[in-house]
Amino acid sequence: MDAAPALVTAATERARSAGFPLSCVPAVGRLLAVLAVHLPPNDRVLELGTGAGVGTAWIASALLPRTDVTVTTVEFDPQTAAVAAQNDWPAYVDLRTGDALDLLNRLGSFDLIFADAPAGKWDGLDRTIAALNPHGLLVVDDMTPMADWTNEQRTRQDGVRRTLLTDPRLVSVEIDQGSGVILSTSRGK
Ligand SMILES: C[S@@+](CC[C@H](N)C(=O)[O-])C[C@H]1O[C@@H](n2cnc3c(N)ncnc32)[C@H](O)[C@@H]1O
């Protein structure tokens, strides 16, 4: 397999130095990259939960050298957002600090959403789905339960999984990739 893009390597190293343990795994990053490359001009990408910027880096690297797609990403924790901000981002990446649900209310709709924060995934998933453009793609990872998850985490994951697989607005598939992914497309009807 190809080596990770330089931006991903740099973001991963910054995450490691900062002790940030929640970055997406490479298998999920590569899936995001594939989907990002597929986006036509003027499409909009949203990531909920920037973390240290590793997922953002997979998406942004895949889009280079294009400049016709925008990538907005939001992180609630200012210290984590500051780690992500140290990366050398292309101009089309818009890093925001704030609450994902607040942003979902204000930024309109998107063609690819990576819902990777508790807000917009465990809470407010309905608002994330509503923010998809017709035929928009939604990626949700960490769908495979981990041995150390609490009952509450298992219950929440189960609720998210059920919603994604049964919501009539979506067509969804579970993919045994990385931490476990559900990929959904908005029917646009
Ligand atoms: C799983 S990590 C994100 C990893 C990142 N997407 C990646 O691919 O490397 C989840 C992040 O969501 C952030 N977060 C928690 N609550 C949030 C909220 N209400 N709005 C935005 N981000 C939030 C956490 O601080 C954490 O950095």
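Start at 1 and go down the list; that is how both ligands and their atoms are numbered. By convention here, the first residue in the shown sequence is residue 1.
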Exercise answer, ligand 1 polar atom pairs (N/O) under 3.5 angstrom:
| unit_1 | atom_1 | unit_2 | atom_2 | d |
| --- | --- | --- | --- | --- |
| ligand 1 | 6 (N) | Glu47 | OE2 | 2.9 |
| ligand 1 | 6 (N) | Gly49 | O | 2.6 |
| ligand 1 | 6 (N) | Asp116 | OD2 | 2.7 |
| ligand 1 | 8 (O) | Cys24 | N | 3.4 |
| ligand 1 | 8 (O) | Gly55 | N | 3.2 |
| ligand 1 | 9 (O) | Cys24 | N | 3.1 |
| ligand 1 | 9 (O) | Gly55 | N | 3.3 |
| ligand 1 | 19 (N) | Asp99 | OD1 | 2.6 |
| ligand 1 | 20 (N) | Ala100 | N | 2.8 |
| ligand 1 | 22 (N) | Phe76 | N | 3.2 |
| ligand 1 | 25 (O) | Glu75 | OE2 | 2.6 |
| ligand 1 | 27 (O) | Glu75 | OE1 | 2.7 |
| ligand 1 | 27 (O) | Glu75 | OE2 | 3.3 |

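By the 4.0 Å N-to-carboxylate-O rule, Asp158 lies too far from Arg156 to be salt-bridged with it. A salt bridge links Arg106 to Asp102: at least one charged side-chain nitrogen sits closer than 4.0 Å to a carboxylate oxygen.
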Q: Evaluate the criterion salt bridge (charged side-chain N to carboxylate O under 4.0 Å, His left out) for residue pair Arg187 and Asp167; output intermediate values, then yes/no.
A: CA-CA 10 Å; Arg187 287 179 188 275; Asp167 190 302; over 6 Å; no

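Under the side chain to side chain contact (heavy atoms under 4.5 Å, CB included) criterion, Pro41 pairs with Arg66, Asp68, not counting sequence neighbours. Evaluation of the salt bridge (charged side-chain N to carboxylate O under 4.0 Å, His left out) rule for Asp77 yields no partner, not counting sequence neighbours.
Applying the 4.5 Å side-chain rule to ILVMFWY residues, one finds Leu46, Leu48, Val74, Leu101, Leu103, Leu104, Leu107, Phe110, Ile113, Trp122, Leu125, Ile129, Leu138, Val140, Met143, Val160, Leu164, Leu165, Leu170, Ile182 in the same cluster as Leu132.
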